[in-house]
Amino acid sequence: MADLSCNIAGVRSPNPFWLASAPPTDKQYNVERAFEAGWGGVVWKTLGEPGPPIVNVCSRYGSVDYNGTRMMGLNNIELITDRPLEVNLAEITAVKKAWPDRAMVVSLMVPCNEKAWKDILKAVEQTGCDGVELNFGCPHGMSERGMGSAVGQVPEYIQDVTGWCKQHSDLPVFVKLTPNITDIRYPARAANAGGADAVSLINTINSITSVNLDSFSPEPSVGGKGAHGGYCGPAVKPIALSMVSEIARDPETAGLPISGIGGISNWRDAAEFIALGCGSVQVCTAAMHYGFKIIDDLVDGLNNWMDDKGHANLEAFRGKAVPNVTNWNELDLNYKTIASIDHDKCIECGLCHITCEDTSHQAIGRRKDENGKRWYEVIEDECVGCNLCYLVCPVEDCITMVEVDNGKPYMNWGDHPNNPMRN
Amino acid sequence: MSRDVKAGRLSPEKIAQNYADLHPLLSGHEAAVESARCLFCFDAPCTEACPTGIDIPGFIRKINSGNVRGAAVTILDSNIMGATCANVCPVEELCEQVCVKNTAEHRPVSIGRLQRYATDHLFEIGGQPFERAEPSGKRVAVVGAGPAGLSCAHRLAMRGHEVVVFEAREKSGGLNEYGLAAYKMTDDRAAREVEFILGIGGIEVRNRKALGVDFSLKELRREYDAVFIGMGHNAVNHLDMDHEDDPGAHNAVDKIAAIRQQDLNDIPVGRRVVVIGGGNTAIDIAVQIKKLGAEFVTMVYRRGFAEMGATDFEQEVAQTNGVLLKTWATPERILVDDEGVTGVRFEYTQNDDRGHLVGTGETFDLPADQVFKAIGQHFDENPLEADDCPDMDRGRILVDENRRTSLDGVWAGGDCVAGADLTVVAVQDGKLAAESIHRYLTDGAAHG
Ligand SMILES: Cc1cc2nc3c(=O)[nH]c(=O)nc-3n(C[C@H](O)[C@H](O)[C@H](O)COP(=O)(O)OP(=O)(O)OC[C@H]3O[C@@H](n4cnc5c(N)ncnc54)[C@H](O)[C@@H]3O)c2cc1C
Ligand SMILES: Cc1cc2nc3c(=O)[nH]c(=O)nc-3n(C[C@H](O)[C@H](O)[C@H](O)COP(=O)(O)O)c2cc1C
Ligand code: SF4
């Protein structure tokens, strides 16, 4: 059995799987059920200022279904917690006391002034929690009030608020980043400069899931109107992975602990985030979709894979993929692969042919043999090794991309004769 | 010995349950999941296997995108009886047999059920997606309002011609109305489909008007610009055996028609029933009688399972409904007493060295309250008088690839010409003939 225990910015948990700040972490009842199920930690649903709690609308979520699969992507227009601050603080205290080994991070979002942050930190410290996460990510509702992604989109604000938090509290500070920005490295650098102990990403992406073609209302619809909400779930994972990798390999932020979030639904997704340098991972949509029980496979699957690969603990493979993420202009232009079709496995759907034919390269010919069997053949001279046929082929291992040794040495764009800027 | 034959062997509820849809309509979610399984093959083998050439990946993709009406129109464009075909086609030998998912996942995409999902949707929302072309001023006579005749009539109407359909029976639809198994054609779907087809306009149906009785082919050729014959099989085969018309012995097709036309609770069935034959008609009568509450139903076929005309799927339907399938036995004589049939004596059979079927000399008796003969139907050319009869070939009307007969201006299709006796094939025949008639009428040329 591999050791799954996790320590990120001084926050410890028995496994790296945390529930992200969201409805599943909005209450003692939920969080205790999650801990009973085996979750390693939670980021409590974002708390706001004292006083009357915020109010949510009715009809809050929209979904992107794909080919009969529900919730490939989820969108929400909920705000931060709509329960009184005192109730949340009391429950956090009780849960942390009852589950001392689990990570308890509290998400916070208050207006952009030092006093507001100082006050909330003092209150939160009383709960015995392990850390705070500054929610600079929420893209709807709160941002219009100058909070959430309105802060997260301005690096200077991030640096200021992070600085205040470090100044007024000893708790580890996680800064949760919004992906609704052109270059994720700038907010990450700002958090780092402000003294953040870690960054968490991604929060949700601005989105409208669909437009109702009867009422012409965006979904989710609130009495016929809709506002853009935050997009998450399996569909956003590639975006999250890319942003995580940018921060992991940026010399300015390299080594800054990262709590990875975005579309994590199973242990493989989690392992990929960890391979890109994440210290812990956070899950929201998958838990909202299937309930807390998915933790069984997250833990068990990661464990089995680590045992198979001989990774004794998370550190053994954390960040292993980071050095392999490079810039395009460092890729080897002489590396060559060619598609190869295993005719015994071919089910004769013809997709490889039509896809190559209509996409660009006309590199897969089609014939019928005397028995009427369809026969698809790679025209090697035309194949540019793009992978498309291999991606569309519905049969596993029927089309493979075979490495061709063309005897040519490594050459990137910088050295390429076609490059007008070549030195 | 008095025969135990009566109606109402089962409660009306049980009978209704037994006669429920063989392949119920998919739910929206099921259709979404099933349509997503389609790979949208290029060169789709299913389309090649469909006798009417429906663009199957095309319509499935439309279902998947929520364009269900468009899917239905894609289907009906190639096959105006796509709704019936969805329920009755032996898909396991046509489109679904060649689906690439058989290789990939050992289960084809449920093309038939998706087809039903689309066409049922169109009938549900109503509307006529097809339009008539400018009137051509030409008139065409169609004999028989079965799948072949109606398909031909619809396509001719689309092309702007006026069509008069002469149908011997009270209702239109041919075997869709009188032949197909009731658990495949629930409710009044056959009649609704006929109504839909006629909805295009330009088609007049004259029921209870029979060729050879009320008018002759010669008259039709004189009065109309072209004639299409789609009379189907208008006669049943006989055993040529004593007592085959005695009380208790029946033609399967007549009983099947009764089952489709009458209240199921009023249909008399025996306690012990013997069905003679090995085709789909034999299966259909055996299963339907069993579903009405017959206790022992034995279907006896003179060769083996592999040689049966009934498809594997149909055999399975019979077996799972508790019909006993007995192979390698042929009826030797019908057993009777004063009141009628009491059973059948069968002789065991086998293939001899040269593959010819021979009797072994050994026999067995099956007691029966009812015996059904399902040994095939054929085309009887009697209604076509001798001096105006198109050339025949092995008992069917001879046609070329455009379904033209040897008589100028006369086309034929469906069960009365050579080819697989299937609804879908009859529809294709009617469609091809209509296009050929259209060319003939518009070019005025004889090449059709
Ligand atoms: C019991 C049974 C079950 C079957 N099950 C299936 C199945 O599950 N799937 C499948 O694909 N196929 C099935 N078939 C076959 C299918 O029904 C036929 O192939 C199809 O109906 C042929 O169409 P058609 O238009 O040629 O003939 P028909 O459907 O027989 O229509 C011919 C029409 O012509 C009319 N007619 C006949 N003589 C005259 C006349 N002299 N004047 C005017 N009108 C006349 C008839 O009344 C009839 O309406 C089944 C057949 C039978 C008998
Ligand atoms: C309904 C809902 C409410 C959310 N509320 C918050 C919140 O209050 N604070 C926060 O930092 N993130 C919030 N999020 C974002 C999630 O914590 C997480 O960053 C995002 O959903 C991506 O992870 P996932 O793909 O696993 O869902 C919310 C997400 C959802 C779906
Ligand atoms: S890899 Fe790309 S170029 Fe080569 S055959 Fe496949 S689709 Fe065509």
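The structure presented is a predicted model; accordingly, all values stated were derived computationally and were not measured. Residue numbering restarts at 1 for every chain, and letters A, B, ... go by the order of the sequence lines. The analysis underlying the following values was restricted to heavy atoms, covering all of them including side chains, and did not include hydrogens, waters or symmetry mates.
For the salt bridge (Lys or Arg N to Asp or Glu O under 4.0 Å) criterion with B/Glu34, the lone passing option out of B/Arg107, B/Lys101, B/Arg113 is B/Arg107.
Per-residue heavy-atom pair counts under 4.5 Å with chain A were compared for B/Ser35, B/Ala36, B/Ala31, and the maximum is reached by B/Ala36. Contact count versus chain A (heavy atoms, under 4.5 Å) is highest, among B/Thr103, B/Asn102, B/Val33, for B/Thr103.
Rounding to the nearest 0.5 angstrom, the gap separating the CZ atom in B/Phe130 from the CZ atom in B/Phe196 is 5.5 Å.
Contacts of residues 38-73 of chain B with chain A at a heavy-atom distance below 4.5 Å involve B/Leu39, B/Phe40, B/Cys41, B/Phe42, B/Asp43, B/Ala44, B/Pro45, B/Glu48, B/Asn64, listed in sequence order.
Note on ring orientation: taking the six-membered ring where Trp is involved, the planes of B/His23 and B/Phe313 are parallel (angle under 30°, cut-offs 30° and 60°).
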Checklist entry - Run the side chain to side chain donor-acceptor pair (under 3.5 Å) check on B/Glu93 and B/Thr311 step by step: do they pass? => result CA-CA 8 Å; B/Glu93 297 193 336; B/Thr311 65; 5.1 Å; no

Next on the checklist: Set out, in order, the CA-CA distance, both residues' side-chain angles and the distance that settles side chain to side chain donor-acceptor pair (under 3.5 Å) for A/Glu78 and A/Asn56, then state yes or no.
Outcome noted: CA-CA 6 Å; A/Glu78 269 183 355; A/Asn56 271 307; 5.0 Å; no

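Side-chain N or O atoms of A/Ser59 include one that pairs as donor or acceptor with a backbone N or O of A/Ser221 at under 3.5 Å.
Counting heavy atoms from C-beta on, the side chains of B/Lys431 and B/Ile80 never come closer than 4.5 Å.
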